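Working notes, beginning with the structure itself.
For clarity, every value in this text was computed on a predicted model and none was experimentally measured.
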Amino acid sequence: MTAEIIDGKAFAAGLRARVGELAAAFTPQAGRAPGLAVVLVGEDPASAVYVRSKGKATREAGMESFEHRLPADTAQDDLIALVDRLNDDAAVDGILVQLPLPKHIDEQAVLTRISPDKDVDGFHPVNAGRLATGLPGFVPCTPLGCLMLLEDRLGDLSGLDAVVVGRSNIVGKPMAALLTKANCTVTIAHSRTRDLPRHLRHADIVVAAVGIPHFVKGEWLKQGAVVIDVGINRTESGLVGDVDFAGAMQVASAVTPVPGGVGPMTIAVLLRNTLVAAHRNAGIPLEKGAI
Ligand code: NAD
């Protein structure tokens, strides 16, 4: 059996085009374009690449991009003062502070300062609480992108067994919450899980967010499973995921590649979340299911 490759790049391109259409409709109604502010502190090369591509994608979707680049020795109070200004700025619908922040800055103090209504990354505890209790709010971009790929592939996920490998606040936990909301039976595996293959053997859906190259082996998977690989690991042979891709292709029914799977979805969902924030902030209704 050879699995199908889930083309996250193509799906993300479609989502970005749809965001662009809706942003074009929003702008004359609101008298301004949706706006996303991205804050980068320091010179981390990977973060600089992410911030550049987020800015470019934002402009391509017909939205305003406000980019703030601060030196690595920026004081925490100065960063918080910038967040406060962006919270008060009516042209800014979404605020994203690129992680990781330099060590002298308390990330939680900064993330919790962002207004939950502008928290398009969905990292604020208020939005995490809304997700956990089933209230509308912002959901972290990467797991929401994974859910979109799964629903596109499988339709209704009700009753399926899902294993999420990893329990970070950014990926694993919100992914498990989304799958629970979609009526899956969810297992969260993590670094202290005993006998991971035993859990994976029954999983119709596997989401791997571990940060270890090729960690999930093909022989651990159930025949026909759908495998979503969130991992982005830089190795000597280039970018690789958390799943042994060649092995998984022999057993699964569909697998996301790295690169070109989950990665492109993250920015597309960020734009989608910003569009939703803009409608809420401007009091302009967005039809349910429009995006
Ligand atoms: P993290 O380091 O915060 O969390 C890793 C998780 O893996 C932890 O919860 C840990 O318990 C679990 N883990 C570690 N060793 C394990 C083991 N032996 N068995 C089972 N679980 C184990 O990482 P993260 O932020 O969740 O990111 C995970 C991966 O996803 C990384 O490769 C990261 O680069 C990637 N990522 C990609 C995107 C994207 O846009 N595609 C976004 C965020 C993260």
Side-chain angles (χ1 to χ4, degrees), residues 1-12 14-15 131-132 134 139-168 170-232 240-266 268-269 289:
M1 179 176 184
T2 302
E4 271 180 47
I5 294 179
I6 298 175
D7 189 346
K9 205 171 160 190
F11 191 96
L15 181 57
L131 175 61
V139 176
C141 303
T142 302
L144 184 52
C146 295
L147 184 77
M148 288 178 180
L149 292 178
L150 284 167
E151 288 186 329
D152 180 58
R153 171 90 210 164
L154 293 168
D156 184 5
L157 306 184
S158 288
L160 296 179
D161 290 329
V163 175
V164 179
V165 192
R167 58 172 163 186
S168 71
I170 293 173
V171 187
K173 280 185 205 152
M175 187 72 244
L178 285 168
L179 290 167
T180 304
K181 202 169 154 190
N183 301 315
C184 291
T185 303
V186 182
T187 300
I188 306 178
H190 47 76
S191 53
R192 305 290 177 88
T193 295
R194 281 182 290 175
D195 198 358
L196 179 63
R198 179 172 67 83
H199 294 280
L200 293 178
R201 206 169 296 141
H202 303 289
D204 305 301
I205 293 170
V206 176
V207 180
V210 189
I212 303 175
H214 299 316
F215 176 71
V216 173
K217 308 295 179 229
E219 63 264 29
W220 298 352
L221 301 168
K222 177 179 166 178
Q223 279 287 336
V226 175
V227 180
I228 304 290
D229 188 350
V230 182
I232 300 180
V240 302
D242 289 346
V243 176
D244 163 24
F245 183 74
M249 287 293 289
Q250 300 307 309
V251 185
S253 62
V255 185
T256 58
V258 177
V262 174
M265 290 300 292
T266 299
V269 176

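Counting only residues at least two apart or on different chains, the side-chain hydrogen bond (donor to acceptor under 3.5 Å, both in side chains) pairs with a member in residues 150-163 are E4-R153, D156-S158, S158-N183.
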Can you give me every donor-acceptor pair (side chain of residues 242-259, partner residue at least two apart or in another chain, under 3.5 Å) with its distance?
residue : atom : partner : partner atom : Å
D242    : OD1  : G211    : N            : 3.2
D242    : OD1  : I212    : N            : 3.2
D242    : OD1  : N233    : ND2          : 2.8
D242    : OD2  : V210    : N            : 2.6
D242    : OD2  : G211    : N            : 2.8
D244    : OD1  : G247    : N            : 3.3
S253    : OG   : G224    : O            : 2.8
S253    : OG   : A225    : O            : 3.4
T256    : OG1  : D229    : N            : 2.8

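In K222, the NZ atom is crowded: over 12 heavy atoms of neighbouring residues, nucleotides or ligands sit closer than 6.0 Å.
Between W220 and V206 there is no side-chain heavy-atom pair separated by less than 4.5 Å.
The only option from S168, P143, P140 that meets the side chain to side chain contact (heavy atoms under 4.5 Å, CB included) definition with M175 turns out to be P143.
To the nearest 0.5 angstrom, H202 atom NE2 is 15.0 Å from L160 atom CG. To the nearest 0.5 Å, atom CG of residue L149 and atom CG of residue L144 are 10.0 Å apart. We find the CD1-SG distance between I170 and C141 to be 10.5 Å, quoted to the nearest 0.5 Å. To the nearest 0.5 Å, atoms OG1 (T187) and CZ (R198) are separated by 9.5 Å. Note that CG of L179 is 9.5 Å distant from CD1 of I228, once rounded to the nearest 0.5 Å.
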Verdict with supporting geometry, V226 and I6, side chain to side chain contact (heavy atoms under 4.5 Å, CB included): CA-CA 9 Å; V226 175; I6 298 175; 4.0 Å; yes

Working for side chain to side chain contact (heavy atoms under 4.5 Å, CB included), residues V165 and L200: CA-CA 9 Å; V165 192; L200 293 178; 4.3 Å; yes

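The heavy-atom pair separating K217 from H214 by the smallest distance is NZ-O, 2.5 Å. Of all non-hydrogen atoms in G145 and M265, the two that sit nearest each other are O-CE, 3.7 Å. Scanning all heavy atoms of the two residues, the minimum distance from C184 to I205 falls at SG-CD1, 4.2 Å.
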